[in-house]
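Notes to accompany the following structure.
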Amino acid sequence: MSDAKKLYIKTYGCQMNVYDSERMAEALGGQGYVETQSPEEADMILLNTCHIREKAAEKVYSELGRMRGLKEAKPDLKIGVAGCVAQAEGEEIMRRQPLVDLVVGPSSYHRLPEMEEKTRQGQKALVTDFPEEDKFARLKGRPKAQRGPSAFLSVQEGCDKFCAFCVVPYTRGAEYSRPVKAVLDEARDLIERGVREITLLGQNVNAYHGEGPDGAEWGLARLIWELDKLDGLQRIRFTTSHPNDMDAALIEALGSCAKLMPYLHLPVQSGSDRILKRMNRSHTAESYLRLMEEIRAARPDIVLSGDFIVGFPEETEEDFQATLDLVEAVKYGYAYSFKYSTRPGTPAAERAQVEEAVKTERLGRLQDLITRHQREIQDGMVGREMSVLFEKPGRFEGQMVGKSDYLHAVHVKDALVAVGDLRRVRIVESMTNSLAGELI
Ligand code: SAH
Ligand code: SF4
Ligand code: F3S
């Protein structure tokens, strides 16, 4: 295998891109590529890009600029751009960066092998269609390799919600759910390869409505209960959800499915109804809070997580205060907050923008509050017993690191624990970014 071609993939953006990168590596494995961690060694470099905020999109062009030297040193090197920037700006990338050989949008990854062949013949390849066919079904890869204990599995893609700030409906296209059988087959395959925890992915994963083996449409809860039956699978998670698609069956599953972890990422974006309306979120702060209460009633120990945007067009200090109030009311175990970033082609881009300095100041205040809650919730784990799925050796001799049910990083000092073990642990200390525990 020493003459195998080498593939270097750099992944930006969300977990769906992480999953897609794995699948692209598998698909190109069928073309004779093996992955490398070094761009200098690579025969093909793929940037799997994100278009969600301006900074993320700009990174692509600066990264491509840095590759000029590599291509000069190795004229045969193929450079490809995949992901959401490829979808949104494919033609422009080809124009602006002559060293790019291949541009492929997220819905067209099954075309990669034929596109790679085209570039080998010295041609450029650009595909950014939204095909009718299922990209996943045709993304076939090389023979099975052993995997780590935790894996992503995309079950749903695209979005029909059209929040006024967001590019996802344009870069990932309309909502699509994979059939139940395809999901189960892939899950079984992952389990055979050593996977113990599966995180189901989708831009709107709780809007999942895949075709079941009975021909009926299955919701996410039903899919989860089916996965629950698989021997060898010990944990199930799902992300990202939308408040409007949190149905009763899913809340019930959070309360009663033992394999479904007590953690929920449920973005709300703002605590101001005025802003939520302008964002086209079609829920209110109050309906969100009521939903959170219902979820907590079903699963009292659940750790909640969210996303926030500050400085959305026309956001006033009063609107922002409502966001702080909502955060205070929910108390998130984790939360991700961003300054609003103007995205070309989205409705909010046309509206009166908030000054950058104001956004920065609000983001600081919001993050201080979130960090304080996050800290309190993490510290509150001390003394409790929970399960930890061990993923890798820690930084120190004899140390092993894993994730708790609540997604906190936990390390123990015990050489007898192996990667992939799910063990009961008592938490003894809370550090900056992790917990220390002892095996029970
Ligand atoms: N599908 C998910 C995630 C979308 S992108 C959902 O609906 O929640 C992840 C997060 O990025 C969003 O929740 C939002 O907080 C943030 N985001 C999206 N567009 C943005 C923009 N234009 N500016 C700043 N943050 C944005
Ligand atoms: Fe974007 Fe809104 Fe769809 Fe989430 S629900 S992907 S924020 S448009
Ligand atoms: Fe980014 Fe596309 Fe994901 S824009 S957040 S990589 S869906």
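The structure presented is a predicted model; accordingly, all values stated were derived computationally and were not measured. Numbering of ligands and ligand atoms starts at 1, following listing order.
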Report the C-alpha distance between Tyr170 and Phe162 in whole Å, list the side-chain angles of each, state the deciding distance to 0.1 Å, and finish with yes or no for ring pair (Phe, Tyr, Trp, His ring centres under 6.0 Å). CA-CA 9 Å; Tyr170 311 97; Phe162 290 92; 5.5 Å; yes
Is the charged tip of Arg222 near the ring of Trp225: under 6.0 Å from the six-membered ring centre and within 45° of its axis? no
Closer than 2.8 Å to atom 3 (Fe) of ligand 3, what protein N/O/S atoms do you find? Cys14 SG
Does Asp368 have more than 12 heavy atoms from other residues, nucleotides or ligands lying within 6.0 Å of its CG? yes
Under 3.5 Å, side chain of Thr49 to main-chain N/O of Ala82, donor-acceptor pair present? yes
What is the number of protein N, O or S atoms that sit under 2.8 Å away from atom 2 (Fe) of ligand 2? 1
Verify, without hydrogens or angle tests, whether Lys259 (side chain) and Leu233 (backbone) share a donor-acceptor contact under 3.5 angstrom. yes
What pairs with Tyr61 under ring pair (Phe, Tyr, Trp, His ring centres under 6.0 Å), at least two apart in sequence or on another chain? none
Ion pair check, Glu114 and Lys118, cut-off under 4.0 Å: no
Contact residues of ligand 1 with a heavy-atom cut-off of under 4.0 Å? Ile52, Arg53, Phe165, Gln203, Thr240, Pro267, Gln269, Asp307, Ile309, Phe338, Lys339, Tyr340, Ser341, Arg343
Starting from the C-alpha separation in whole Å, work towards a yes-or-no answer on side chain to side chain contact (heavy atoms under 4.5 Å, CB included) for Gln156 and Arg178. CA-CA 6 Å; Gln156 182 276 334; Arg178 296 177 68 188; over 6 Å; no
Nearest heavy-atom neighbours spanning Val419 and Pro149: CG1-CD, 3.8 Å
Is Lys339 salt-bridged to Glu356, going by a charged N under 4.0 Å from an acidic O? yes
Test your reading of the model: is there a side-chain donor-acceptor pair from Lys124 to the backbone of Pro98, 3.5 Å cut-off? yes
Testing Lys71, Lys5, Lys74 one by one against Asp43 for a salt bridge (charged side-chain N to carboxylate O under 4.0 Å, His left out), which residue passes? Lys74
Below 4.5 Å, heavy atoms only, C-beta onward: do Arg120 and Lys78 meet side chain to side chain? yes
Does the protein put a heavy atom less than 4.0 Å from atom 4 (Fe) of ligand 2? no
